[in-house]
Amino acid sequence: MTPATSGAEDTGAAEHALVIGSNRRRAANMRHARRRLQEHFEVLDCARARRTRDGDGARYLNAAVRVRSTLPPSALRTILHAIEDETGRTRGDAAVTLDIDLVASRDAQGRVQTHKPDDLQRDYVRELLAQIGFDPM
């Protein structure tokens with residue numbers, strides 16, 4: 001076990017499933033997200049990015065990342081929003097430079113909390129989560 005992972009359960013660390021999406025400068029923004037997530041969290045696994053389309057036909061690049069952190073979900077979301085903002089994200093705009101959603105968490109005892117249950121209904125989200133070994137059910 002590496003020093004970063006040893007004793008993680010003793011510190012109250014939880015695993016979090018994140019879904020990343022972008023429809024502007026997709027590849028560059030996805031690289032930015034992964035790099036910044038590695039700076040803030042212990043990254044446990046990353047799913048291979050896949051192309052998707054939203055209901056309006058906009059082309060997205062999506063991926064999932066499993067991270068470990070001792071931060072509560074609210075603090076984690078604050079960091080995720082700051083990373084989104086670094087790419088020029090304007091919430092409510094159809095041009096989504098970067099979106100990083102916390103969809104579910106698993107505590108050290110294995111209890112799962114869902115944060116975005118509607119996202120978990122999407123086939124591509126479930127497929128991405130399966131790639132990173134995170135079953136939210």
Assess the residue pair I79 and L71 against the criterion (side-chain contact (heavy atoms from CB on, under 4.5 Å)); give the C-alpha distance rounded to whole Å, side-chain angles, the decisive distance to 0.1 Å, and a yes or no.
CA-CA 10 Å; I79 292 170; L71 295 174; 3.5 Å; yes
Show your working on side-chain contact (heavy atoms from CB on, under 4.5 Å) between L129 and L120 and close with a plain yes or no.
CA-CA 9 Å; L129 295 180; L120 296 173; 3.5 Å; yes
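Partners of R122 according to the salt bridge (charged side-chain N to carboxylate O under 4.0 Å, His left out) rule, which considers only residues two or more places apart in sequence or in another chain, are D119. In this view, Q38 and V43 satisfy the side chain to side chain contact (heavy atoms under 4.5 Å, CB included) rule, not counting sequence neighbours. When the side chain to side chain donor-acceptor pair (under 3.5 Å) test is applied to N62, the partners found at least two apart in sequence or on another chain are T52. For R111, the side chain to side chain contact (heavy atoms under 4.5 Å, CB included) partners at least two apart in sequence or on another chain are D107, Q109. For the side chain to side chain donor-acceptor pair (under 3.5 Å) test, residues two or more places apart in sequence or in another chain that qualify with T97 are T87. A search for salt bridge (charged side-chain N to carboxylate O under 4.0 Å, His left out) contacts involving R35 returns nothing, not counting sequence neighbours. With sequence neighbours excluded, the residues forming a side chain to side chain donor-acceptor pair (under 3.5 Å) with R77 are H115, listed by chain and number. Taking D54 as the reference, nothing meets the salt bridge (charged side-chain N to carboxylate O under 4.0 Å, His left out) condition, with sequence neighbours excluded. Under the side chain to side chain donor-acceptor pair (under 3.5 Å) criterion, R59 pairs with no residue at all, not counting sequence neighbours. Under the rule for a salt bridge (charged side-chain N to carboxylate O under 4.0 Å, His left out), R26 has no partner lying at least two apart in sequence or in another chain.
Side-chain contact between E42 and V67: absent, with no pair of heavy atoms (C-beta onward) separated by less than 4.5 Å. Residues H40 and I83 meet the side-chain proximity criterion, which asks for heavy atoms closer than 4.5 Å. In this structure, the side chains of V65 and D45 stay at 4.5 Å or more apart for every pair of heavy atoms.
Here the NE2-CG distance, from H32 to L37, works out to 9.0 Å after rounding to the nearest 0.5 Å. Taking CG from N23 and CG from N29, the interatomic distance works out to 9.5 Å, rounded to the nearest 0.5 Å. For the atom pair L102 CG and Q113 CD, the distance stands at 8.0 Å (nearest 0.5 Å). Atoms SG and CG, from C46 and L128 in turn, are 11.5 Å apart once rounded to the nearest 0.5 Å. The distance from atom OG of S105 to atom CG of L18, rounded to the nearest 0.5 Å, is 8.5 Å. Taking CZ of F41 as the start and CD of E15 as the end, the distance is 13.5 Å to the nearest 0.5 Å.
In the hydrophobic cluster analysis, where Ile, Leu, Val, Met, Phe, Trp and Tyr join through side-chain heavy atoms closer than 4.5 angstrom, Y124 is grouped apart from M30. One hydrophobic cluster holds both L98 and L76 under the rule that ILVMFWY side chains link at heavy-atom gaps under 4.5 Å. Cluster annotation: F134 and V19 are assigned to the same hydrophobic cluster (Ile/Leu/Val/Met/Phe/Trp/Tyr, side-chain heavy-atom contacts under 4.5 Å, transitive).
Not a single donor-acceptor pair under 3.5 Å links the side chain of T114 to the backbone N or O of K116.
The shortest non-hydrogen separation linking A47 to A63 is O-CB, 3.8 Å.
For the salt bridge (charged side-chain N to carboxylate O under 4.0 Å, His left out) condition, the pairs that include at least one residue of residues 126-137, sequence neighbours left out, are R50-E127, D123-R126. Sorted by first and then second residue, the salt bridge (charged side-chain N to carboxylate O under 4.0 Å, His left out) pairs with a member in residues 78-100 read R36-E86, E84-R89, E84-R91, D85-R91, R89-D99; sequence neighbours excluded.
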